[in-house]
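Notes for the one structure printed next.
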Amino acid sequence: MIADFCNFCRSSKPYKSSKPYKSHKSHKSYKPYRPYNLLPLLFLMLFVTACGLTDEPAPHTLGEGDRLPEFSVELSDGTVVTDKTLRGEWALIILFNTSCPDCRRELPDLEEEYRRLAANNLVAPISGVGRGDEARIRFICVARAEDAASIEAYWEEAGLTMPWSPQPDDRIYRLFADSGIPRSYLITPEGLISALNPSLPLSLQFP
């Protein structure tokens with residue numbers, strides 16, 4: 001049985017009034033209520049719910065105390081850096097995309113810190129990756145889905161010198177987080193995350 005509801009008063013009962021009752025059909029907004037009109041919406045809700053359960057990974061963000069995930073990236077000079085080659089060394093891993101306004105604001109500050117440490121001989125040369133130099137730190141900028149040409153153009157424009165790694169997608173980025181850039185991870189010689197987005201200047205304890 002199909003009930004007649006008035007879209008104006010949302011009731012199937014007559015008004016309580018001293019005036020003679022007028023049918024809901026006299027309202028200008030009157031439309032018959034038909035439950036089957038909701039079927040497309042119900043199917044859509046079921047589809048969206050199913051996609052959420054099967055296709056979307058659970059949100060995650062690595063933080064202080066977490067272990068550095070397994071990864072491998074090739075830097076702009078051809079050097080390959082992995083979680084294993086960084087073992088025994090301090091590292092600052094910076095996740096970015098040059099189209100991001102926040103990244104464009106923070107990358108120059110990180111470059112300034114990079115140069116400050118380099119001036120004090122505290123930045124380990126990339127060519128020495130894997131030597132276990134605990135007395136220095138490595139800066140490694142890893143893009144989130146950005147090609148080399150785009151990064152190189154911005155690096156030249158901003159006068160940056162930090163080593164960087166282009167990435168065709170966000171696979172490496174998602175090992176660390178699901179959303180939000182820029183992100184900086186300070187990594188200890190033991191391969192643990194010491195701080196997420198550490199304040200500058202960096203406070204490091206070298207042996």
Side-chain angles (χ1 to χ4, degrees), residues 61-167 172-173 175-177 180-207:
T61 298
L62 295 183
E64 184 177 344
D66 289 332
R67 183 162 294 282
L68 184 65
E70 294 183 5
F71 75 99
S72 177
V73 296
E74 183 176 344
L75 300 179
S76 46
D77 66 350
T79 303
V80 175
V81 176
T82 72
D83 57 299
K84 294 180 176 60
T85 61
L86 291 179
R87 192 61 57 87
E89 303 173 342
W90 283 92
L92 185 68
I93 298 176
I94 302 161
L95 304 176
F96 73 96
N97 185 293
T98 63
S99 66
C100 161
D102 288 340
C103 295
R104 284 176 171 259
R105 281 191 293 269
E106 290 194 23
L107 283 170
D109 293 338
L110 291 164
E111 171 72 20
E112 184 177 343
E113 176 67 1
Y114 175 76
R115 295 190 181 194
R116 182 187 73 82
L117 293 170
N120 289 281
N121 198 32
L122 294 176
V123 172
I126 290 299
S127 60
V129 164
R131 294 181 183 175
D133 192 350
E134 295 183 2
R136 291 188 284 184
I137 184 172
R138 302 187 188 281
F139 278 55
I140 302 165
C141 301
V142 181
R144 184 181 75 173
E146 187 171 8
D147 61 31
S150 176
I151 300 171
E152 190 171 13
Y154 173 73
W155 244 242
E156 183 176 352
E157 172 192 335
L160 306 183
T161 60
M162 296 179 290
W164 49 270
S165 173
Q167 296 295 317
I172 297 295
Y173 169 81
L175 295 176
F176 293 84
I181 48 173
R183 286 180 174 274
S184 299
Y185 292 87
L186 183 61
I187 311 299
T188 69
E190 292 76 33
L192 300 176
I193 297 175
S194 173
L196 170 60
N197 298 325
S199 57
L200 302 178
L202 294 175
S203 178
L204 304 173
Q205 296 181 351
F206 295 118

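These numbers come from a predicted model, not from an experiment.
Counting only heavy atoms from C-beta outward, the side chains of F139 and I93 never approach each other to under 4.5 Å. L62 is not listed as a side-chain neighbour of L196, based on a closest heavy-atom distance of 4.5 Å or more. Put simply, the side chain of L92 does not reach to within 4.5 Å of the side chain of I187, judged on heavy atoms.
The two residues S72 and I172 have their closest heavy-atom pair at O-CD1, 4.0 Å. Nearest heavy atoms, S184 versus P198: O-CD, 3.6 Å. Looking at every heavy atom in both residues, P166 comes nearest to A148 through CB-N, 3.6 Å. Minimum heavy-atom separation, P108 to C103: CD-O, 4.3 Å. Heavy atoms only, all atoms of each residue included: C100 and P182 are closest at SG-CD, 4.4 Å. Across all their heavy atoms, F96 and I94 have their closest contact at CD2-O, 3.8 Å.
A donor atom on one side chain and an acceptor atom on the other are found under 3.5 Å apart for T98 and E146.
Between the side chain of R67 and the backbone N or O of E190 there is at least one donor-acceptor pair closer than 3.5 Å. Panel note: side chain D83, backbone L68; no donor-acceptor pair is recorded below 3.5 Å. In this structure, the side chain of T85 engages the main chain of T82 through a donor-acceptor pair within 3.5 Å. Judged by distance alone, the side chain of D66 and the main-chain N or O of I193 form no donor-acceptor pair under 3.5 Å. The main-chain N or O of T188 is never found under 3.5 Å from a side-chain atom of S194 such that the two would form a donor-acceptor pair.
The distance from the CG atom of N97 to the CD1 atom of I181 is 5.0 Å, given to the nearest 0.5 Å. Distance check: R183 CZ to F176 CZ gives 11.0 Å after rounding to the nearest 0.5 Å. Taken from CH2 in W164 to CG in D77, the straight-line distance is 10.0 Å, to the nearest 0.5 Å. Note that CH2 of W90 is 9.5 Å distant from CG of L202, once rounded to the nearest 0.5 Å. For the atom pair CD1 (I137) and CD (E113), the distance works out to 8.0 Å, reported to the nearest 0.5 Å.
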Apply side-chain contact (heavy atoms from CB on, under 4.5 Å) to Y114 and V123, showing your working.
-> CA-CA 7 Å; Y114 175 76; V123 172; 3.5 Å; yes
Start with the C-alpha distance between E111 and T161, add both sets of side-chain angles, then the distance that settles side-chain contact (heavy atoms from CB on, under 4.5 Å), and finish with yes or no.
-> CA-CA 7 Å; E111 171 72 20; T161 60; 2.5 Å; yes
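At a threshold of 4.0 Å, the pair E89-R138 counts as salt-bridged, since one of the basic side-chain nitrogens sits closer than that to a carboxylate oxygen. Using a 4.0 Å cut-off between a side-chain N of Lys or Arg and a carboxylate O of Asp or Glu, E112 and R116 do not qualify as a salt bridge.
For E106, the salt bridge (charged side-chain N to carboxylate O under 4.0 Å, His left out) test picks out no residue, with sequence neighbours left out.
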Pairs of donor and acceptor atoms involving the side chains of residues 151-160, under 3.5 Å and at least two apart or interchain, shall be tabulated with distances.
residue : atom : partner : partner atom : Å
Y154    : OH   : R104    : O            : 3.4
W155    : NE1  : M162    : O            : 2.9

